[in-house]
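Following: one structure in structure tokens, then a few remarks.
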Amino acid sequence: MKILVTGGAGFIGSNFIFYELKQHPEDTILCVDSLTYAGNLSTLEPVMGQENFHFVKMDIRDREGIFQLFEENHPDVVVNFAAESHVDRSIEDPQIFLETNIIGTSVLMDASRAYGVKRYHQVSTDEVYGDLPLDRPDLFFHEDTPLHTSSPYSSSKASADLLVMAYYRTYGLPVTISRCSNNYGPYQFPEKLIPLMIANALEGKPLPVYGKGENIRDWLYVEDHCKAIDLIIRKGKEGEVYNVGGHNEMQNIDIVKLICDALNKPYDLIRHVEDRKGHDQRYAIDPTKIHQELGWLPDTKFADGIKTTIAWYLEHKDWWENIISGEYQKYYEKMYGEGGIH
Ligand code: NAD
Ligand code: DAU
């Protein structure tokens, strides 16, 4: 099978490539990534020389280039990870989110239709469902929970999901969608909560917690997300949405404290800063469907996954120190104040 993976130089896409090449060495992976600030070619170094792995630097909005690529490679399956993925950046400047996340998706699906792709898989997010109240722990996101987005990021992802379902109904494109909760693990860009707190704590820098830190996210180890997507593209039913999550809800403040404890850093590094605009309160996935229909269950418990993740960031300082130098510094100062937080 030839799988075209977009956004494979980013966090989840790269982990998916490693997972696929390990689980299915008979398959070929063609990775397409435009290498935005979030994409890192060095991440893919371990697989770069492999015969069944190829990398192409290309923007998914480039219609002509993408069609040419399909003409030359005829992929069987497309898995679309490529996206602008950071909520705070979407609040600052939504435009690129609409372009990549919506237009880029339509370009990939047009090419998939034109070249008879057997499965187009859209990697979506639980954020399309909006949020749940903190005082209703009995509520969960189900596949039929109405889309009700909060940020420009989640709105762009929900728009893409609607377009994917429209291509299924109108053109019969064989699609599937996965909506996963918050991922953590190796190679996550240090603008996201867990790697940001690890990197700042290691450098003895303040730890910026939005508002009171009571918001809840449902954390899943990245490899378990990859396993779910692998199952969906091979066994999932066309036209179906699958929620992915491991029932691991935690308040942000508890995550930050846990990281401090693991690194032996004092809680007085924690700073409660201005809250995110429109901040979603709680995410919580009901994964019953993917469990019952495809037999998916997460393998990694949070206590183990977070240890592995912290150890990975300790062992791969070069990877993230390189990333947080240069351009990222400007973003950090813009978001968290001149010279950082005090
Ligand atoms: P990421 O920001 O780490 O990586 C995104 C990748 O896409 C980067 O390599 C970037 O260079 C590439 N890219 C961006 N714009 C592109 C374009 N126009 N053309 C080609 N490549 C482009 O993101 P991530 O956290 O790995 O998320 C991957 C996907 O999973 C996204 O679609 C996201 O919405 C979804 N998702 C993420 C999470 C999470 O917790 N991170 C959870 C659920 C779903
Ligand atoms: O739920 C899936 C989504 O998870 C994905 O679709 C997104 O691509 C991914 O970025 C993630 O979105 P979140 O907004 O939940 O993740 P983030 O790591 O940005 O923030 C997690 C929580 O931590 C959130 O409540 C905001 C808070 N936070 C975040 C940052 C960066 C802070 O308190 N301080 C921070 O500095």
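Atoms within a ligand are numbered from 1 in the order they appear, just like the ligands themselves. The first residue in the sequence is number 1, and the count goes up from there.
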Is the charged tip of Lys205 near the ring of Tyr332: under 6.0 Å from the six-membered ring centre and within 45° of its axis? yes
Would you please determine whether Ser178 falls within less than 4.0 Å of ligand 1 on a heavy-atom basis? no
Closest protein heavy atom to atom 23 (O) of ligand 2, given as residue, atom name and distance to 0.1 Å: Asn252 ND2, 3.3 Å
Under 3.5 Å, N or O to N or O, is Trp219 touching ligand 2 that way? no
Sub-4.0 Å atoms of ligand 2 with respect to non-hydrogen atoms of Lys192: 10 (O), 18 (O)
What atoms in ligand 1 come closer than 4.0 Å to a heavy atom of Ala82? 7 (O), 21 (N), 22 (C)
Does Met58 come within less than 4.0 angstrom of ligand 1, counting non-hydrogen atoms of the residue? yes
What protein heavy atom is closest to atom 13 (P) of ligand 2, reported as residue, atom name and distance in Å? Glu127 OE2, 3.5 Å
Are any of the N/O atoms in Val87 less than 3.5 Å from those in ligand 2? no
among protein heavy atoms, the one nearest atom 34 (O) of ligand 1 is Tyr153 OH, 2.6 Å
Tell me: protein heavy atom nearest atom 1 (O) of ligand 2, and distance? Asp126 OD1, 2.5 Å
So for ligand 2, is Pro208 a polar contact partner (N or O within less than 3.5 Å, distance only)? yes
So, regarding Arg217 and ligand 2 (criterion: nitrogen or oxygen to nitrogen or oxygen, under 3.5 Å), is there a contact or not? yes
With a cutoff of 4.0 Å, is Phe81 in contact with ligand 1, counting heavy atoms of the residue only? yes
Protein heavy atom at shortest distance from atom 5 (C) of ligand 2: Tyr153 OH, 3.6 Å
Considering Ile12, Thr125, Leu35 one by one, which has a heavy atom nearer to atom 38 (C) of ligand 1 than any of the others? Ile12
Measure the distances from the heavy atoms of Thr6 to every atom of ligand 1 and state whether one is below 4.0 angstrom. no
